[in-house]
Asks: 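Before we start, here is the structure in question, set down as structure tokens.
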Amino acid sequence: MARRVTSRRVWVSTGAAWFFGFVIFLPILWMVLTSFKTELEAFAMPPTFLFFHWTTENYATVQGRSDYVHHALNSIIVAGGSTLLALLIAIPAAWSMAFAPSKRTKDILLWMLSTKMMPSVGVLVPIYLIYRDFGLLDTRGGLVAILCLGNLPIVIWMLFTYFKEIPKDILEAARMDGATIGRELIYVLTPMAIPGLASTLLLNFILAWNEAFWTLNLSTLDAAPLTVFIASYSSPEGLFWAKLSAASTLAIAPIIILGWFTQRQLVRGLTFGAVK
Amino acid sequence: MGQITLQRVRKSFGPVNIIKDANLDIENGSFVVFVGPSGCGKTTLLRLIAGLEDVSGGQILIDGRNVVDVPPAKRGLSMVFQSYALYPHMSVRGNIAFGLKMAGLPRPEIERKVEAAAATLNLTPYLDRKPRELSGGQRQRVAIGRAIVREPKAFLFDEPLSNLDAALRVQMRLEVTKLQKQLGTTAVYVTHDQVEAMTMADKIVVLNAGRIEQFGSPIELYERPANLFVAGFIGSPKMNFVPGDAAGEPGAATLGVRPEHLKIGKEGEGWPGTVSVAEHLGSDTFLYVEAGKLGMLTARCIGEFSLKAGDHVWLSPDPARLHRFEKDGSVIRR
Amino acid sequence: MMKSKEVVLATQQTQVLGRALLIPAVALLFIWMIVPLAMTIYFSTLHYSLLDPGTESFVGLENFRYFLTDPAFLTSLQNTLVLVGSVLAITVLLGTPLALLLDQPVIGRSVVRLMVIAPFFVMPTVSALVWKNLLMHPVSGLFAWGATLLGLTPIDWFTDAPLFAVILIVAWEWLPFATLILLTALQSQDEEQKEAAEMDGASALSTFIYLTLPHLARPITVVILIETIFLLTVFAEIFVTTGGGPGLQTTNIAFLIYSQALIQFDVGNASAGGLVAVVIANIVAFFLVRIIGRNLEA
Ligand SMILES: Nc1ncnc2c1ncn2[C@@H]1O[C@H](COP(=O)(O)OP(=O)(O)O)[C@@H](O)[C@H]1O
Ligand SMILES: [Mg+2]
């Protein structure tokens, strides 16, 4: 039922919401604006807000520098690869727990969740040594593996909650219609689960893209994704703000846009269904 | 052919026995209704026949062959679910055709059969719609269409009408019965509504707490209930039960008489009481009568009676229609 | 007690297939958990430095004694607690009113929502660098300019208040998370319940105190627990902005372990520290898992 509201109240809450929204968004906005300035203007005091000499030169520079492209490609491969790998392992597991549960299913789910709560730093040393000894340091495969394992519990949980929402009647109807388990999965379950699969994929791509503990510690150059590349800007302080901003904008823009589409899934995925 | 036989079928979930030793013989072509209070195991029994649950013991024979280890897909039965369980991502056509596709029928034949089923059920205009674009009654028809198109050995229905409104329910009740007679296919139908059971069934199975209380035709159950439970469950309004000794029949622990078999007698005839509520329906009048030691009695009288609360009446039971029960609830036959 | 709703496609085949399909995930996660943990435990009992390999020797609990009595540990533990506590306080205390505000009729609410949620999707290294250079730079940062406008002297954030600067950055990253979860919870609140309270003559304030706050109690707990798990191991923001300094002023436990392992190459000591971190995280996780587990049954 719509509640009757006075228009004054609407205006007050609208004003307040926009104000706070703007304040929170300001750092990102400022970064985007800076990315269109020249290096000199980026550093200027007092700062210029809209009336500066707009230029896309920084983007051209960043785009042209092969190391940016190289790291962006790494990000795509590492985030995409780890997400797909995680899905591949998680789909059967989530199917099993949602549709053929046993007495221990709940315990297994909670145990999986608890592995996610293990602080990465607690196992940094052995992982680093294993990676060093197996030649996995600074390799894309190494990063894919570790990010996949790190996000696997979230992927399984998200898929599990989606599968749980599919009425089991419908799968049974397929069975009564003569479908084998394989065909039931292909013709009935998968099409019905596609929205859930898509949002799981999206959210985990985002999480993997932004992951900055293992990427910073296990890669330096060859396999380094954008997190590491951007971090390398921290030393020559103050000199390349506009370019830093352009590179940052390129690194986060696609993710923020994807993120906007996954707001609801974010809540579901990161709270493991504890908030609905 | 579609003859289904249950021999000593048991089902337990963990330590709980849900179905206790069910024996049943469902003849080919008959319409059998499982009826009983909710939670008594009707759905479970149906799902055992379907193969969606494994039996804990006993045998299920379809046309003489034991099928307990045959997966549901291979039993040759089709099922209409309470929720309809339509495939939301397929059109009506796709839903009806799915089983035929799984069976690997050639496309033109599938097409022909789907069209025919749709025509029977008045679904032709909706063939290309998705289930969410249909009304409840139409979805119901699609579910039925999906079941009939495969020409199964038997239809299994699990409370298929319970999600429809009252008027539609009556209409669909007729249509389902008509369709089943026309096709001549065995049907097993689950409901908790005894009116549905009485109107649709050739034979009724009354279930209570996982036990088959009685198996017989509607009239048999009405006229010769085997025990207190069946007597109380079948018939509306419920049968009146009075203690045998209070009613002057010390030979029976309980005496049962249906409301329609209680007449308003002359003074001194039958049991005295005071009307506490009178419901005037026009065609009938229901009297709820406070009858002292006998408790509250319900009487159903044909036509209009100008009785009202507080009036004194005498109720006389039809002696030929009295049911007498032992202490353990079983009927005393004479 | 099993509920009938929960039970499923029962034929044995399915059950067997189900078990089989679960194996890869369980096996991988089990290895992922147990192998590194066992190695960490093993290393924590060794004198083991990457700088002079071959000199490993068993030292019992010596590393723990050393790690726990090291003044750097106490400092970094304190920094960790201050960081976690402050960020939690900021995100919950700002996130709740913000969620309430966004739950009001607001023109263009979806756009505001997008602006509020955006920081969560910014990679930590980017947010750290943007805050450090574009906003908090003592000469050319936006904050410095703001301070001059107000007639104040701009401060050098990373020298004068380094830990506070890190807290601000991390709080900015996590405020959207708290807001979004609380907003989702608010939107599931029964509207009729609020209307009933209104009919009963409850003021907006008492509606908030007696209906909304209790409704938010659980989501707030969840926010606190989940954020705690992540905040205990904040790393990239420190790595990029201060490198733990000046001195130890912004070193938290995670960064301390990192620097012992990959800067000082003291594997034994870092492993002991890692186990301490695991124990701390497990205390929090214990409560979180209980809450989520209870939810699984509902
Ligand atoms: N898979 C199951 N596991 C445990 N108990 C079940 C399961 N399925 C049904 N039951 C229990 O069996 C009893 C009978 O259920 P059901 O056959 O659905 O009853 P009905 O259809 O007659 O209402 C109920 O008490 C129900 O809780
Ligand atoms: Mg049922």
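Labels below follow one simple rule: chain letters A, B, ... track the order of the sequence lines, proteins then strands, and each chain is numbered from 1.
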Asks: Who are the side chain to side chain contact (heavy atoms under 4.5 Å, CB included) partners of C:Ser140, not counting sequence neighbours?
Replies: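 Partners of C:Ser140 by the side chain to side chain contact (heavy atoms under 4.5 Å, CB included) criterion, ordered by chain and then number, come out as A:Phe43, A:Trp241, C:His137.
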
Asks: Of all of A:Phe213, A:Phe20, A:Trp30, A:Phe22, which one pairs up most often with chain C through heavy atoms under 4.5 Å apart?
Replies: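 Max contact count across the listed options: A:Trp30.
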
Asks: How far apart are the closest heavy atoms of C:Val112 and A:Gly21, and which atoms are they?
Replies: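 Residues C:Val112 and A:Gly21, closest heavy atoms: CG1-CA, 4.3 Å.
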
Asks: Walk me through whether A:Tyr128 and C:Val267 qualify under side-chain contact (heavy atoms from CB on, under 4.5 Å).
Replies: CA-CA 10 Å; A:Tyr128 184 83; C:Val267 169; over 6 Å; no

Asks: Pick one of side chain, backbone, both or neither for A:Leu149, based on which atoms fall under 4.5 Å of a heavy atom in chain C.
Replies: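 Its backbone and side chain both get close to chain C.
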
Asks: Counting heavy-atom pairs closer than 4.5 Å to chain A, which one of C:Gly243, C:Pro219, C:Gly273, C:Ala118 comes out on top?
Replies: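 Option with the greatest count: C:Ala118.
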
Asks: Is there a donor-acceptor contact under 3.5 Å from the side chain of C:Thr125 to the main chain of A:Thr227?
Replies: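 Answer holds: yes.
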
Asks: Taking the side chain as every heavy atom from C-beta outward, state whether C:Leu114 and A:Phe25 have any atom pair closer than 4.5 Å.
Replies: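 Side chain of C:Leu114 against side chain of A:Phe25, heavy atoms only: no contact under 4.5 Å found.
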
Asks: Please report the shortest heavy-atom distance between A:Arg9 and C:Pro105, naming the atom on each side.
Replies: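 Of all heavy-atom pairs spanning A:Arg9 and C:Pro105, the closest is NH2-CD, 4.3 Å.
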
Asks: Who wins among C:Trp145, C:Phe30, C:Tyr42 for the most heavy-atom pairs under 4.5 Å with chain A?
Replies: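 Top count of heavy-atom pairs under 4.5 Å with chain A: C:Trp145.
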
Asks: Quick one: what part of C:Phe265 sits under 4.5 Å from any heavy atom of chain A, side chain, backbone, both or neither?
Replies: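 Neither the backbone nor the side chain of C:Phe265 comes within 4.5 Å of chain A.
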
Asks: Does C:Ile107 offer a backbone N or O that forms a donor-acceptor pair with the side chain of A:Trp18 under 3.5 Å?
Replies: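 Between the backbone of C:Ile107 and the side chain of A:Trp18 there is a qualifying donor-acceptor contact (under 3.5 Å).
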
Asks: Side chain, backbone, both or neither: which part of C:Leu232 has an atom under 4.5 Å from a heavy atom of chain A?
Replies: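 Looking at C:Leu232, nothing touches chain A.
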
Asks: Within the structure provided, determine whether C:Pro119 and A:Ile24 are in side-chain contact (heavy-atom separation under 4.5 Å).
Replies: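 Counting from C-beta outward, C:Pro119 and A:Ile24 do come under 4.5 Å.
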
Asks: Specify which of C:Leu37, C:Leu28, C:Leu142, C:Val122 makes the most heavy-atom pairs with chain A at under 4.5 Å.
Replies: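 Highest number of pairs under 4.5 Å: C:Leu142.
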
Asks: Side chain, backbone, both or neither: which part of C:Leu94 has a non-hydrogen atom closer than 4.5 Å to chain A?
Replies: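 For C:Leu94, no heavy atom lies under 4.5 Å from chain A.
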
Asks: Which bit of C:Phe43 is near chain A, if near means a heavy-atom gap under 4.5 Å: side chain, backbone, both or neither?
Replies: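 Contact with chain A: side chain only.
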
Asks: For a 4.5 angstrom cut-off between non-hydrogen side-chain atoms, does C:Val26 reach A:Met112?
Replies: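 Yes. Closest side-chain heavy atoms under 4.5 Å.
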
Asks: For A:Ile108, is it the side chain, the backbone, both or neither that has a heavy atom under 4.5 Å from a heavy atom of chain C?
Replies: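 The side chain, not the backbone.
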
Asks: Looking at side-chain heavy atoms only, is the closest gap between A:Ser13 and C:Leu101 below 4.5 Å?
Replies: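 They are in contact (side-chain heavy atoms under 4.5 Å apart), so the answer is yes.
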
Asks: Sort C:Phe177 into side chain, backbone, both or neither according to what part of it lies under 4.5 angstrom from a heavy atom of chain A.
Replies: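 Just the side chain, heavy atoms under 4.5 Å.
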
Asks: Knowing that exactly one of A:Ile28, A:Ile255, A:Ile252 qualifies, which makes a side chain to side chain contact (heavy atoms under 4.5 Å, CB included) with C:Phe121?
Replies: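 When side chain to side chain contact (heavy atoms under 4.5 Å, CB included) is applied between C:Phe121 and each of A:Ile28, A:Ile255, A:Ile252, only A:Ile255 qualifies.
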
Asks: With a 4.5 angstrom heavy-atom cut-off, is it the side chain or the backbone of C:Phe239 that approaches chain A, or both, or neither?
Replies: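 The side chain, not the backbone.
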
Asks: Please classify the contact of C:Leu102 with chain A as side chain, backbone, both or neither, using a heavy-atom distance under 4.5 Å.
Replies: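 Interface part for C:Leu102: side chain.
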
Asks: Could you check if a side-chain atom of A:Val121 sits within less than 4.5 angstrom of a side-chain atom of C:Ile253, using non-hydrogen atoms only?
Replies: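 No. Closest side-chain heavy atoms not under 4.5 Å.
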
Asks: For residues C:Val240 and A:Ala231, report the shortest heavy-atom separation together with the two atoms involved.
Replies: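 Nearest heavy atoms, C:Val240 then A:Ala231: CG2-CB, 3.9 Å.
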
Asks: Heavy-atom pairs under 4.5 Å with chain C: which of A:Ile91, A:Leu129, A:Thr34 has the most?
Replies: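 Among A:Ile91, A:Leu129, A:Thr34, the one with the most close pairs to chain C is A:Leu129.
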
Asks: Quick one: side-chain hydrogen bond (donor to acceptor under 3.5 Å, both in side chains) partners of C:Ser44, sequence neighbours excluded?
Replies: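 side-chain hydrogen bond (donor to acceptor under 3.5 Å, both in side chains) list for C:Ser44, sorted by chain: empty.
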
Asks: Given 3.5 Å as the limit, does a donor-acceptor pair link the side chain of A:Thr14 with the main chain of C:Val106, or not?
Replies: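 Judged by distance alone, no pair lies under 3.5 Å.
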
Asks: Which one wins on heavy-atom pair count under 4.5 Å against chain A: C:Ile257, C:Ile229, C:Leu180?
Replies: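 Among C:Ile257, C:Ile229, C:Leu180, the one with the most close pairs to chain A is C:Leu180.
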
Asks: So which part of A:Leu258 gets closer than 4.5 Å to some heavy atom of chain C, the side chain, the backbone, both or neither?
Replies: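 It is neither, since no heavy atom gets under 4.5 Å.
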
Asks: With only heavy atoms counted, which part of C:Leu135 is less than 4.5 Å from chain A, the side chain, the backbone, both or neither?
Replies: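 It is the side chain, since no backbone atom gets that close.
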
Asks: Which region of A:Ala17, side chain (C-beta onward) or backbone (N, CA, C, O), has a non-hydrogen atom less than 4.5 Å from a non-hydrogen atom of chain C, or is it both or neither?
Replies: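 Both parts, backbone and side chain.
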
Asks: Which pair of non-hydrogen atoms, one from C:Ala261 and one from A:Val125, has the smallest distance, and what is that distance?
Replies: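 Closest approach of C:Ala261 to A:Val125, heavy atoms only: CB-CG2, 3.8 Å.
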
Asks: Check whether C:Gln260 gets within reach of chain A through its side chain, its backbone, both or neither, counting any heavy atom under 4.5 Å.
Replies: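 Neither part, no heavy atoms under 4.5 Å.
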
Asks: Is A:Leu26 close to C:Trp172 at the side-chain level, that is, under 4.5 Å between some pair of heavy atoms?
Replies: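 Sidechains of A:Leu26 and C:Trp172: no contact.
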
Asks: Counting heavy-atom pairs under 4.5 Å to chain A, which of C:Leu262, C:Val139, C:Val130, C:Leu275 comes out on top?
Replies: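 Most heavy-atom pairs within the cutoff with chain A belong to C:Leu262.
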
Asks: Checking C:Thr233 against chain A: side chain, backbone, both or neither under 4.5 Å from a heavy atom?
Replies: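 C:Thr233 touches chain A through side-chain heavy atoms alone.
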
Asks: By a 4.5 Å heavy-atom criterion (distance strictly below it), what part of A:Ser245 contacts chain C: side chain, backbone, both, or neither?
Replies: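 Just the side chain, heavy atoms under 4.5 Å.
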
Asks: For chain C, which candidate among A:Ile127, A:Ile257, A:Leu29 shows the most heavy-atom pairs at distances under 4.5 Å?
Replies: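 The option with the most such pairs is A:Ile127.
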
Asks: What part of A:Arg104 gets closer than 4.5 Å to chain C, counting heavy atoms only: side chain, backbone, both or neither?
Replies: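 Neither part, no heavy atoms under 4.5 Å.
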
Asks: Side chain from CB out, backbone as N, CA, C, O: work out which of these in C:Val111 comes under 4.5 Å of a heavy atom of chain A, or both, or neither.
Replies: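 Only the side chain of C:Val111 comes within 4.5 Å of chain A.
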
Asks: Please evaluate residues C:Met123 and A:Ser248 with respect to the criterion side-chain contact (heavy atoms from CB on, under 4.5 Å), reporting the C-alpha separation (whole Å), side-chain torsions for both, the decisive distance (0.1 Å), and the verdict.
Replies: CA-CA 9 Å; C:Met123 56 175 68; A:Ser248 297; over 6 Å; no

Asks: Name the region of A:Trp111, side chain, backbone, both or neither, that has any atom closer than 4.5 Å to a heavy atom of chain C.
Replies: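 Looking at A:Trp111, just its side chain touches chain C.
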
Asks: Is there a donor-acceptor contact under 3.5 Å from the side chain of C:Arg113 to the main chain of A:Trp260?
Replies: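 Side chain of C:Arg113 to backbone of A:Trp260, a donor-acceptor pair under 3.5 Å: no, none is there.
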
Asks: Of the backbone (N, CA, C, O) and the side chain (C-beta and beyond), which part of C:Val116 lies under 4.5 Å from a heavy atom of chain A, both, or neither?
Replies: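 Both backbone and side chain.
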
Asks: Return the minimal non-hydrogen interatomic distance between A:Pro119 and C:Ala281, and the atom names on each side.
Replies: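 Looking at all heavy atoms of both residues, the shortest contact is CD-CB, 3.6 Å.
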
Asks: Which atom names give the shortest non-hydrogen contact between A:Leu216 and C:Ala236, and what distance separates them?
Replies: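 For A:Leu216 versus C:Ala236, the nearest heavy atoms are CD1-CB, 3.8 Å.
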
Asks: Measure distances from A:Leu244 to the heavy atoms of chain C and classify the residue's part below 4.5 Å as side chain, backbone, both or neither.
Replies: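 For A:Leu244, the contact with chain C is made by the side chain alone.
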
